[in-house]
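Atoms within each ligand, like the ligands themselves, are counted from 1 in listed order. The figures here come from the full heavy-atom set of this structure, side chains too, leaving out hydrogens, waters and symmetry mates.
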Amino acid sequence: MSTINVALLGFGTVGQGVCEAIDTHQDRLKEVLGKEVKVRAVLIKDPTKERSIGTSINVTTDFQDILDIPDLDVIFEAIVGEEPSYTYLTEAIEKGVHIVTANKAMFAKYGPELLEKAKRKGISVGFEATTAGGIPVIGSIRQLLKVNEIRQIQGILNGTSNFILSQMRKRGLAFDTALKISQEKGYAEADPTNDIEGYDAFYKLLILSQTAFGRQPDWKNIRRKGISDLTAEWLQAAESFRLRFKHVGSLRRDSVDHIQGAVEPILVHDTHPFYSVEDVENAISLKGSLVGRITLLGPGAGKLPTGSAMVEDFLSLIERKYTDSAVSTVNAEEVVEESSHQWVLRIRETDEYQNWLPSFILKDRIQLDDYLYVFVEGRKETLESLLQTHDHIQAVPILKEIPLENEVKAGAAVS
Ligand SMILES: NC(=O)c1ccc[n+]([C@@H]2O[C@H](COP(=O)([O-])OP(=O)(O)OC[C@H]3O[C@@H](n4cnc5c(N)ncnc54)[C@H](OP(=O)(O)O)[C@@H]3O)[C@@H](O)[C@H]2O)c1
């Protein structure tokens, strides 16, 4: 039986997951591909580390050894950071080797360039694992774009920040305590900045934008806010209004192809699909012009979910399902912005809020310690002008469900 020769760059959590997935699913791969998949070599950084790698696999610290593998078909890249990954993948494309990457920081920055280079060389690039780990969101977007137009994407894109928010809410913990638990469990790194300040979700948002809209918004125009300012009282107040905090990345494209993006803590109603997304789980909601809203939930990280995403990507690539990014068009029809929005505002008890509160519809309120939390509805402009003169007021938006225009009409037959 002929073989497909592959190499791995990186043998950490993800690299090991890919190796294990290939090893344990070899029969299935043979069945689908009619060929055996052989891992020829693994590139690592530290040659002194103890590793359990089969003796038939060459373990090296020199990337040239990888490029020198005769008839190398595919490289799986699971290194951390922009470089040397970008340089390695560029060289692989030049040599005519297909690539599958999990590296979101590198791909957010260099993805457009790599895709372009790969297109010129007739090479395929798989990047499913860069965004939401085991959830097949990139493949779903590419599949949808064959006919649908996507205007909006919302997602809980970082399992660590979601875990921290779940712990704070369920156990009434302070942010620092919940962060410590997530570090003890191995979810958060010693330096948790990437997860808790929203950089990780930001990279994923850029990759989603590239995939769904064919381009990224200007990086400086994406609002990015972390979750470290949230207090146990804030979560308690939200809970009393049947709302939950989620760290959500969102993208919206208007009819003139302007893309707005944000990563920020926001509140979701108990009717929203994100409400019950707990712990390290991820979720993504997209709206297609024909299909309506689709929400995907699942593991956003981890050895086997990410390994699975890379191996599935590899299969699609070998079967040549995807050659390059799907073509994305924008329809001139404007998505109508609703005039009324909802927020929870945190006000100091001593504030003269009686003067301005009547300009909103008050839906609920609760007093906790020295703060009053009010659940209000109103116009965006009213809130903006209030915040200009009262900069100590904290306002957290409430996420609207992506509206469904093509919901089944009442009385229509449903099978
Ligand atoms: N962990 C997840 O669940 C997950 C999910 C989706 C995407 N990702 C992405 O996948 C990538 C890998 O993540 P991970 O969690 O597997 O990281 P990890 O456990 O830290 O492993 C990184 C691997 O890359 C190797 N490496 C680092 N720098 C290198 C260099 N300059 N040359 C050669 N090898 C180098 C390391 O070598 P040594 O073993 O010698 O140190 C290690 O084997 C990251 O880009 C991450 O963002 C991770």
Side-chain angles (χ1 to χ4, degrees), residues 7-21 39 41-53 57-67 75-92 99-111 114 126-138 155-163 182-183 185-195 198-208 279-282 284 298-314:
L8 312 183
L9 311 188
F11 200 70
T13 308
V14 176
Q16 290 175 39
V18 172
C19 217
E20 189 176 328
V39 179
V42 172
L43 181 80
I44 42 90
K45 189 176 185 181
D46 178 358
T48 64
K49 266 191 202 167
E50 285 269 332
R51 309 176 200 261
S52 148
I53 301 182
I57 299 173
N58 178 24
V59 180
T60 178
T61 54
D62 184 355
F63 182 64
Q64 194 55 45
D65 290 344
I66 305 285
L67 286 183
I75 281 180
F76 288 92
E77 189 260 323
I79 298 180
V80 182
E82 293 170 15
E83 283 293 0
S85 300
Y86 169 66
T87 304
Y88 290 167
L89 294 188
T90 303
E91 289 178 26
I99 55 179
V100 177
T101 181
N103 187 337
K104 63 210 93 156
M106 181 281 299
F107 203 75
K109 182 158 177 194
Y110 294 115
L114 287 174
F127 55 96
E128 181 67 73
T130 56
T131 307
I135 305 177
V137 61
I138 303 292
I156 296 175
L157 299 169
N158 184 274
T160 307
S161 60
N162 201 49
F163 177 82
S182 90
Q183 284 169 323
K185 285 190 170 285
Y187 298 146
E189 299 186 17
D191 176 359
T193 313
N194 257 345
D195 293 324
Y199 290 99
D200 177 80
F202 171 83
Y203 296 138
K204 292 169 179 169
L205 209 60
L206 292 166
I207 296 169
L208 286 171
D279 300 322
V280 290
E281 207 173 37
N282 280 198
I284 291 160
K303 180 174 152 184
L304 286 179
T306 313
S308 151
M310 291 186 89
V311 173
E312 292 286 357
D313 226 6
F314 159 74

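- Those atoms of ligand 1 that come under 4.0 Å of a heavy atom in A129, given as number and element, are 6 (C), 7 (C).
- When only non-hydrogen protein atoms are considered, atom 7 (C) of ligand 1 lies nearest to A102 O, 3.3 Å.
- Checking side-chain atoms of E77 against main-chain N and O of I79 turns up a donor-acceptor pair under 3.5 Å.
- Checked by distance only, ligand 1 and Y88 stay at 3.5 Å or farther apart across all their nitrogen or oxygen atoms.
- Under the 3.5 Å distance criterion, the side-chain polar atoms of N158 are matched with a main-chain donor or acceptor of T160.
- For the atom pair Q64 CD and Y88 OH, the distance stands at 10.5 Å (nearest 0.5 Å).
- Panel note: side chain N162, backbone N282; no donor-acceptor pair is recorded below 3.5 Å.
- Of all protein heavy atoms, the one lying nearest to atom 5 (C) of ligand 1 is T306 OG1, 3.3 Å.
- The structure places CG of L67 at 10.0 Å from CG of L43, a figure rounded to the nearest 0.5 Å.
- When non-hydrogen atoms are compared, ligand 1 lies under 4.0 Å from neither the backbone nor the side chain of S85.
- Looking at atom 27 (C) of ligand 1, its nearest protein heavy atom turns out to be I79 CG2, 3.6 Å.
- Checking atom 33 (C) of ligand 1 against the protein gives a heavy-atom contact under 4.0 Å.
- Each of the following atoms of ligand 1 lies closer than 4.0 Å to a heavy atom of A301: 3 (O).
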Between N103 and T101, does the side chain to side chain donor-acceptor pair (under 3.5 Å) criterion hold? Intermediate values first, please. CA-CA 6 Å; N103 187 337; T101 181; 5.3 Å; no
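- Proximity of a side-chain donor or acceptor of E128 to a complementary backbone N or O of V137 within less than 3.5 Å is detected.
- Close contacts between ligand 1 and V80 involve ligand atoms 17 (O), 20 (O), 22 (C), 45 (O) [criterion: under 4.0 Å to a heavy atom].
- Scanning the protein for heavy atoms near atom 21 (O) of ligand 1, the closest one is G12 CA, 3.2 Å.
- For ligand 1, the atoms lying closer than 4.0 Å to a non-hydrogen atom of P84 are 31 (N).
- In this structure, F163 and Y187 have perpendicular ring planes: the angle between them is above 60°, well past the 30° mark.
- Considering only residues two or more places apart in sequence or on other chains, L304 meets the side-chain contact (heavy atoms from CB on, under 4.5 Å) condition with E20.
- Nearest protein heavy-atom contact of atom 3 (O) of ligand 1 is G302 N, 2.7 Å.
- Of the candidates K204, E77, K49, E128, K49 brings a heavy atom nearest to atom 41 (O) of ligand 1.
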Check the pair E83, T87 against side chain to side chain donor-acceptor pair (under 3.5 Å), reporting the backbone distance first and the verdict last. CA-CA 7 Å; E83 283 293 0; T87 304; 2.7 Å; yes
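- A donor-acceptor pair is defined here as one N or O able to donate and one able to accept, closer than 3.5 Å; such a pair exists between the side chain of Q16 and the backbone of F11.
- Taking atom 24 (O) of ligand 1 as the reference point, the nearest protein heavy-atom neighbour is G10 CA, 3.5 Å.
- When V14, L8, V59 are checked for heavy-atom proximity to atom 14 (P) of ligand 1, V14 turns out nearest.
- Residue-ligand proximity: A78 is placed with a non-hydrogen atom under 4.0 Å from ligand 1.
- Atom 39 (O) of ligand 1 has its nearest heavy-atom neighbour, among R51, Q16, K45, in R51.
- Among all non-hydrogen protein atoms, the one lying nearest atom 43 (O) of ligand 1 is F11 N, 2.8 Å.
- Not a single heavy atom of K303 sits less than 4.0 Å from an atom of ligand 1.
- Regarding atom 47 (O) of ligand 1, its nearest protein heavy-atom neighbour is K104 CE, 3.2 Å.
- Listed here is the closest heavy atom pair of T131 and K204: CG2-CB, 3.9 Å.
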